[in-house]
Amino acid sequence: MTTTADLRLIDRSLAPIADKVLAGVRLDRADGIAIATTNDLLAVGRLANIVRERLHGDRTYYNVNRHLNPTNVCVASCRLCAFYVPWRDRGEGWTYTVEQAVEMAARDVDESVSELHIVGGLHPKLRVDYYEALFRALKERFPWVHLKALTMIELDFIATASRIDLGDLIARLKRAGLDSCPGGGAEIFADHVRRQICDHKTDGRRWLEIAREVHRAGIRSNCTMLYGHVETAEDRVDHLLALRDLQDETGGFQCMIPLAFHPENTELDHLPPTGGRLDVQTIATTRLILDNVPHLKAYWIMLGEKIAQVALHFGANDLDGTVVDERITSAAGGTAGTGLDRRRLEYLIREAGRTPVLRDTLYRPLDPSFAVSVSPVAAGSSTS
Ligand code: V47
C-alpha cells in the first residue's frame, strides 16, 4: 500500500493532502488551490493517478462517434469562440434543414458508430419543433446511434425561443430521441470571468439549474471547464466545487472534460495557448477535487495526442472518440486534427501503457467486433 513517504514529495506542504487522498478523504477548497498551484507537478500527478487507478485500474475508454453541428449561426457572440457566425452575417454561415442534417450525418455514420455528438449555435429560428424533427429523423435512419445532444446553454435558449417551460422542452426532446447531453458551455462559472469571455451567455448558476433539471428528467449529462484564458486557479477550483455539489445532489454527471482554451481566431487571440504543465495539472486537479464524477476525459482534439497520452497518468481515463468532423477547436487553431481512426486511438492508449476499452456513451464496454472501423481517416493522420 502506498504511503505519503513513498510519494517523495518535493513540496512538503502537500503532505496533509496526500494523507487525505490515500485515506479516501474528500479535499477542500484550500487543498484544491494548493494542488492547482504547486510546482510539484509529479506529486499531483501521482496522487491523481492513485484515484484514477482506484476507480478504473488501467482501463482507458474511447468510443466511435461523430460530431454534427446543425448551425454555426449564433446570437451569443462569445469572445472565446471562433466557431460562430453572428446573426447579422448568417448568410456566411450554415444552417441545415432537418433533411440536410441527416444527409450530413449519413456521410460518416455506419454500423460502427455508436454516438452522434450534436451541438451548434444559438439560432433564433431553430426552435423545439426543429430539434424534435431532427432527433426523430436521425433515430429513424440510425436507430442504433445514441444521440448526445444540446448543451445546457442551447436548452436554455431553445426553451426561451420556443416560449415553453424548460421541463416541457426536456420531456419533448427526450420523447423525440434525446439520449444524453454533452458538457459544453459551462466555461468557468465565476461572473467576473464570464463577463470577459462570454458575457451574453446563460450564467453559471443557471447552467447548474438546467443540469439539475436534465438529471431530474432521467437524462445523464457531461460537464466541462474551459481553462487557460483569464481565469485564476481559485476560479477553476470554485468551478469544480460547484460541479461536485450538484453531483452530490443528482449523481447525473457521467464524465468531466477539462477543455484547453484555443485563442486563435477568437477575440481573445492576444492570449497564449495553454502549456503542457497547465494541461496536466488541470487534469490532475480535476480528478482530485471532482471525486464524485466517475469518468475524466483527456479530449485529444484539444490536448493533442501526446499531452492526452500523458494525461492518462495524471487522472484521465478516457480519450473521447474518433470524431471525424470537428469544427469548434479547429476553427480556433487546434492542430491535433479533426478525426482519428479507431486503431490509432487504441495505439495511443496502449503506447501510454493502458488498456483500451471500446465503450458506448454510457460507458458500457462494447464488444470490439462491434466497431470494426471503416472511418475514412487514416491511422496516424494526426499532425500532433
Ligand atoms: O461548449 C468553445 C468550448 C465546447 C473554444 O460532453 C472552446 O462528451 C477551447 O463541450 N477553445 C465544445 N474550447 C466542446 C465540448 C465537448 C467536447 C468533447 C466532448 C464533450 C462531451 C464535450 O468547447 C464549447 C465551449 O465550452 N469552446 N470555443 C475555444 N476557442
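As the structure lists them, so they are numbered: ligands from 1, and atoms in each ligand from 1. Model, not experiment: these values are computed from the prediction.
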Practice task
List in chain and number order the residues that pass side-chain contact (heavy atoms from CB on, under 4.5 Å) with Asp238, two or more places apart in sequence or in another chain; answer none if no residue qualifies.
Solution key: Arg29, Leu241
Exercise for the section: Evaluate the ring planes of Phe142 and Trp144, with Trp represented by its six-membered ring, and classify them as parallel (under 30°), tilted (30 to 60°) or perpendicular (over 60°). Expected result: perpendicular
Practice task
Quick one: do Ile197 and Phe261 satisfy side chain to side chain contact (heavy atoms under 4.5 Å, CB included)? Show the steps, please.
Solution key: CA-CA 11 Å; Ile197 65 170; Phe261 179 56; over 6 Å; no
Close N/O pairs between ligand 1 and protein, under 3.5 Å:
from	atom 1	to	atom 2	distance (Å)
ligand 1	1 (O)	Gly185	N	2.9
ligand 1	6 (O)	Gly183	N	2.8
ligand 1	6 (O)	Asn222	ND2	3.1
ligand 1	8 (O)	Lys148	NZ	2.7
ligand 1	8 (O)	Asn222	ND2	3.0
ligand 1	8 (O)	Lys297	NZ	2.8
ligand 1	10 (O)	Gly184	N	3.4
ligand 1	11 (N)	His262	N	2.9
ligand 1	26 (O)	Gly185	N	3.4
ligand 1	26 (O)	Glu187	OE1	2.7
ligand 1	26 (O)	Glu187	OE2	3.2
ligand 1	30 (N)	Leu80	O	2.9
ligand 1	30 (N)	His262	O	2.8

Problem - Side-chain H-bond candidate by donor/acceptor type, Ser221 with His215, under 3.5 Å - result: yes
Problem - Mutual orientation of the aromatic rings belonging to His295 and Tyr363 [parallel < 30°, tilted 30-60°, perpendicular > 60°] - result: parallel
Handout entry: Sidechain-backbone polar pair: Asp156 side chain, Ile153 backbone, donor-acceptor under 3.5 Å
Key = no
